[in-house]
Amino acid sequence: MSDRSYYIAGNWKMHKTRAEAAELAKALVAELKDGKHKYLVAPTFTSLETVGPVVKGTNIRLGAQNMAAEEQGAHTGEVSVLQLKDLGVQTVILGHSERRHIYGEDDALINKKVRLALRHGLEVILCIGELLEEREAGRAEAVCETQTVKGLEGVSAGELSNVVIAYEPVWAIGTGKTATPEDADAIHAWVRKVIGKLYGADCAEKIIIQYGGSVKAENAAQLMAKENIDGALVGGAALKPDTFAPIAKFG
Ligand code: PGA
């Protein structure tokens, strides 16, 4: 068995006002204080300044859901890595399927963001995952391989220790359809092999690969029991302490 630890992250997406975000964060700090895994919450940009002090010094990291590919400058509507760091953000989620498929982010742009975030010492959760038609066409592995390879272009082995991969099949996100633990594990194993080819066996063994897509209390333990699943990136179920805490405290 590996010594990889589990990493459970909550992606709050475009939900919650500052007051609601603070309330959720406070409840999670209390619920998870004895939790034995690694934790993260990723509120919207507007709630980072509110949630930051609530989770500071606890076992819950502060994450952002996206960032600009440039450090600063004339980029209306974007948020810079420097601004995130100023708020105490430790981790940034990049390449989420909603960024890829609703907002048209491609692998080259995501890679630019990954490199910038790592250069500034942020931990990166790089999301990958295939569409339903890609899975049905037998292309799930190829799509995930391409997104991994291109997303990590120019990232050194040293920097890779600050990278987490989140495998989120697009057809499972927010749909209530979870990948079976076997199907998810097969892709995780494949991605680990891809990392092995790029960085060697040691890095492949150590890298954390989260699963995301309709994770809930009822399926978390079965997913995490799989050899290659090291955590979860949780959307809908991350919005309430009652649904997130049981996932975060599984096992
Ligand atoms: P979900 O979202 O848990 O609501 O499916 C997961 C994600 O998009 O990160």
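Not measured: the values here are computed from a predicted model. Computation of the quantities below employed the complete heavy-atom set of this structure, encompassing side-chain atoms and omitting hydrogens, waters and symmetry-equivalent molecules. One-based numbering, in listed order, for ligands and for the atoms of each.
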Worksheet item: Linking I/L/V/M/F/W/Y whenever any side-chain heavy atoms sit under 4.5 Å apart, do V170 and V234 land together?
Response: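 In one cluster with V170: V234, no.
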
Discussion item. If hydrophobic clusters are built from ILVMFWY residues whose side chains come within less than 4.5 Å, do V29 and W12 share one?
Written reply: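 Linked, V29 and W12 end up in one cluster.
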
Worksheet entry | Region of I173 that comes within reach of ligand 1 [heavy atoms, distance under 4.0 Å] |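 Both backbone and side chain.
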
What residue and heavy atom of the protein are closest to [atom], and at what distance?
| atom | result |
| --- | --- |
| atom 9 (O) of ligand 1 | E168 OE2, 2.7 Å |
| atom 4 (O) of ligand 1 | G236 N, 2.8 Å |
| atom 3 (O) of ligand 1 | G235 N, 2.8 Å |

Can you sort out which atoms of ligand 1 are near [X], meaning under 4.0 Å from one of its heavy atoms?
| X | value |
| --- | --- |
| G174 | 1 (P), 4 (O), 5 (O) |
| H96 | 7 (C), 8 (O), 9 (O) |
| N11 | 9 (O) |
| G213 | 5 (O) |
| A172 | 5 (O) |

Worksheet item: Where do V191 and Y167 land on the side chain to side chain contact (heavy atoms under 4.5 Å, CB included) test, with the steps shown first?
Response: CA-CA 9 Å; V191 171; Y167 168 57; 5.7 Å; no

Min heavy-atom dist [X] to ligand 1 below 4.0 Å:
| X | answer |
| --- | --- |
| A166 | no |
| A237 | no |
| K216 | no |

Do [X] and [Y] have side chains that approach each other closer than 4.5 Å (heavy atoms only, starting at C-beta)?
| X | Y | value |
| --- | --- | --- |
| K249 | H37 | no |
| S5 | I208 | yes |
| N66 | F45 | yes |
| F244 | L239 | no |

Discussion item. Under 3.5 Å, is there a donor on one side chain and an acceptor on the other for W171 and E130?
Written reply: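 Present: a donor and an acceptor within the cut-off.
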
Discussion item. Does any N or O of ligand 1 fall below 3.5 Å from an N or O anywhere on G212, backbone included?
Written reply: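 No; the residue has no nitrogen or oxygen that sits under 3.5 Å from a nitrogen or oxygen of the ligand.
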
Discussion item. Considering both backbone and side-chain atoms of K13, is one of its nitrogen or oxygen atoms within less than 3.5 Å of a nitrogen or oxygen in ligand 1?
Written reply: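 Looking only at distances, the answer is yes, because the N/O contact criterion of under 3.5 Å is met.
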
Discussion item. Can you tell me which residue among K113, E71, Q72, R119 is in a side chain to side chain contact (heavy atoms under 4.5 Å, CB included) with V81?
Written reply: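 Answer after filtering K113, E71, Q72, R119: E71.
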
